[in-house]
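Everything numeric in this text was worked out from a predicted model, so none of it was measured. Read the numbers this way: they start at 1 and go in the same order the structure lists the ligands and their atoms. Excluded from the calculations below are hydrogen atoms, water molecules and symmetry mates; all remaining heavy atoms, backbone and side chain alike, are included.
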Amino acid sequence: MSAVSSSKAEQGMINEELIQVEFHDRVMLLRLSRPAALNALCKKLIQQLNAALDQAENDSRIGAIVVTGSEKAFAAGADIVEMRHLTFSDVTDKDFIHPWERLAQCEKPVLAAVSGYALGGGCELAMMCDIIYAGESAKFGQPEITIGTMPGAGGTQRLTQLIGKTKAMEMCLTGRIIQAKEAEQIGLVSRVYPDADLLKETLAAATKIAHFSAPVVRMIKEAIRHTTETELVGGIRFERRLFQSTFALEDRQEGMAAFAEKRPATFKHR
Ligand code: DAK
């Protein structure tokens, strides 16, 4: 794999705290970097991710984007500690919702390289990418139900589209976490590689794509998005409203408090 083509300063790019940016030939590599919280997707991280995506989209030298995390976690979900005290009106605010939509709106191809946990919003983030490659250690799940809420960034919709109704129901209703091999068998990920090879293989695929004609790449992505997203739009909006409603439940408060306090949740069904 070719080395970083020029310094970040030369490229005028950002390299802020929670997202590390590297350049590999025509590929921008974005590494989620919040190890102490297993890359939990706090507001600041999403803002920085979006800023980097904007840079990539506006730079004709970039033909593809790779999003990755650490060995232990791609991302363990939205930041529960940050969400814990939010109210219904906080989560209906457009500033809470809109930033999460940026990745799914990318016009350039985005590949996810997933090692370790990709849970909740982390799994949803991976599913917003166009191709998901997984390391053998990857674990996928939508465990929101265990903290008294539900997927809110497209999880119920994209998962159902990718793996079918009964498997999506099982993952979302039980919170079961699946391993990379199963994720590949059911169509959630494109390929599984040994962890040591994951990034190299993902960058190789991204580089290959980035050297094809950029307008043709864009048109193919647009065509595939047309069919998948036509089905998704209404469902994602509906899911979001239900997700927001969970913030009116005592069970949602209890679930998130229990996670933060490291104890089992006791749900009262209200
Ligand atoms: N949020 C905040 N902190 C987290 C976190 C998270 N999601 N996941 C892990 N951490 C923190 C832990 O609190 C711990 O912090 P310290 O205690 O050290 O300060 C540190 O990361 C290491 O975690 P553990 O000690 O728990 O590590 P283990 O190896 O024992 O366990 C685990 C790893 C991934 C199984 C466990 O951490 C875990 O269960 N994490 C939570 C997984 C989860 O429930 N994820 C779903 C979150 S809800 C929306 C957008 C997004 C969303 C919804 C709507 N809209 C725009 C509408 C998304 C919602 C979610 O993702």
Rounded to the nearest 0.5 Å, the CZ atom of R252 sits from the CE atom of M83 at a distance of 8.0 Å
With a 4.5 Å limit on heavy-atom distance, are the side chains of L125 and L41 in contact?
-> yes
Which ligand 1 atoms does G77 reach within 4.0 Å, using its non-hydrogen atoms?
-> 61 (O)
Can you check whether a protein heavy atom sits less than 4.0 angstrom from atom 19 (O) of ligand 1?
-> no
Can you list the atoms of ligand 1 that are under 4.0 Å from a heavy atom of G120?
-> 46 (C), 61 (O)
Ligand 1 versus A40: contacting region, heavy-atom distance under 4.0 Å | side chain
Around atom CD of E71, are there more than 12 heavy atoms of other residues, nucleotides or ligands at under 6.0 Å?
-> no
Among all protein heavy atoms, pick out the one at the shortest distance from atom 11 (C) of ligand 1; state its residue, atom name and that distance to 0.1 Å.
-> A37 CA, 3.9 Å
Which protein non-hydrogen atom lies closest to atom 29 (O) of ligand 1, naming both residue and atom, and how far is it?
-> K72 NZ, 2.9 Å
Can you find a protein heavy atom under 4.0 Å from atom 7 (N) of ligand 1?
-> yes
Side chain, backbone, both or neither: which part of K262 comes within less than 4.0 Å of ligand 1 when only heavy atoms are counted?
-> side chain
Considering only protein heavy atoms, which is closest to atom 59 (C) of ligand 1, and at what distance to one decimal place?
-> A78 CB, 3.5 Å
Locate the shortest heavy-atom distance separating I62 from A56; write the atom from each residue and the value.
-> CB-O, 3.8 Å
Just jot down the ligand 1 atoms closer than 4.0 angstrom to any heavy atom of P143, in number order.
-> 43 (C), 44 (O), 45 (N)
Side-chain heavy atoms of V192 within contact of V189, under 4.5 Å = yes
What is the closest protein heavy atom to atom 42 (C) of ligand 1, and at what distance does it sit?
-> A76 O, 3.3 Å
Step by step, would you call C106 with I65 a side chain to side chain contact (heavy atoms under 4.5 Å, CB included)?
-> CA-CA 10 Å; C106 258; I65 300 159; 4.2 Å; yes
What's the verdict on side chain to side chain contact (heavy atoms under 4.5 Å, CB included) for E57 and R102, showing C-alpha distance, side-chain angles and the deciding distance?
-> CA-CA 11 Å; E57 294 261 72; R102 178 68 188 89; 3.1 Å; yes
For atom 23 (O) of ligand 1, what is the nearest protein heavy atom, given as residue, atom name and distance?
-> L38 CD1, 3.6 Å
Distance flag for atom 40 (N) of ligand 1, protein heavy atom under 4.0 Å = yes
Could you label the plane-to-plane angle of the F243 and F96 rings as parallel, tilted or perpendicular, counting under 30° as parallel and over 60° as perpendicular?
-> parallel
Would A36 count as a contact of ligand 1 if the rule is a heavy atom under 4.0 Å away?
-> yes
Could you check K43 against E82 for side chain to side chain contact (heavy atoms under 4.5 Å, CB included), going step by step and ending with a plain yes or no?
-> CA-CA 8 Å; K43 192 174 170 188; E82 194 177 76; 3.7 Å; yes
Looking only at non-hydrogen atoms, find the nearest pair between G148 and T246 and report the distance.
-> O-CB, 4.1 Å
Please examine the side chains of L30 and T68, heavy atoms only from C-beta on, and report whether any two atoms are closer than 4.5 Å.
-> no
Using heavy atoms and a threshold below 4.0 Å, how should the contact between T146 and ligand 1 be classified: side chain, backbone, both, or neither?
-> neither
Starting from atom 57 (C) of ligand 1, locate the nearest protein heavy atom and write down its residue, its atom name and how far away it is, to 0.1 Å.
-> G152 O, 3.2 Å
Atom 36 (C) of ligand 1 has as its nearest protein heavy atom F259 CE1, 4.5 Å
Show your reasoning for whether side chain to side chain contact (heavy atoms under 4.5 Å, CB included) applies to Q105 and L53.
-> CA-CA 10 Å; Q105 299 309 321; L53 293 172; over 6 Å; no
Test log, rule ring-ring contact (aromatic ring centres under 6.0 Å, His included), inputs Y117 and F74 | CA-CA 6 Å; Y117 294 108; F74 178 73; over 10 Å; no
Would you mind running through ligand 1 and noting each atom that sits below 4.0 Å from a heavy atom of L119?
-> 34 (C), 42 (C)
Do any heavy atoms of Q244 fall under 4.0 Å from ligand 1?
-> no
Protein contact to atom 1 (N) of ligand 1 [nearest heavy atom, distance to 0.1 Å] | I80 N, 2.9 Å
Heavy-atom contacts with E124 under 4.0 Å: which atoms of ligand 1 show up? List them by number with element.
-> 52 (C), 58 (C)
Close-contact set for ligand 1 against G121 heavy atoms, below 4.0 Å | 58 (C), 60 (C), 61 (O)
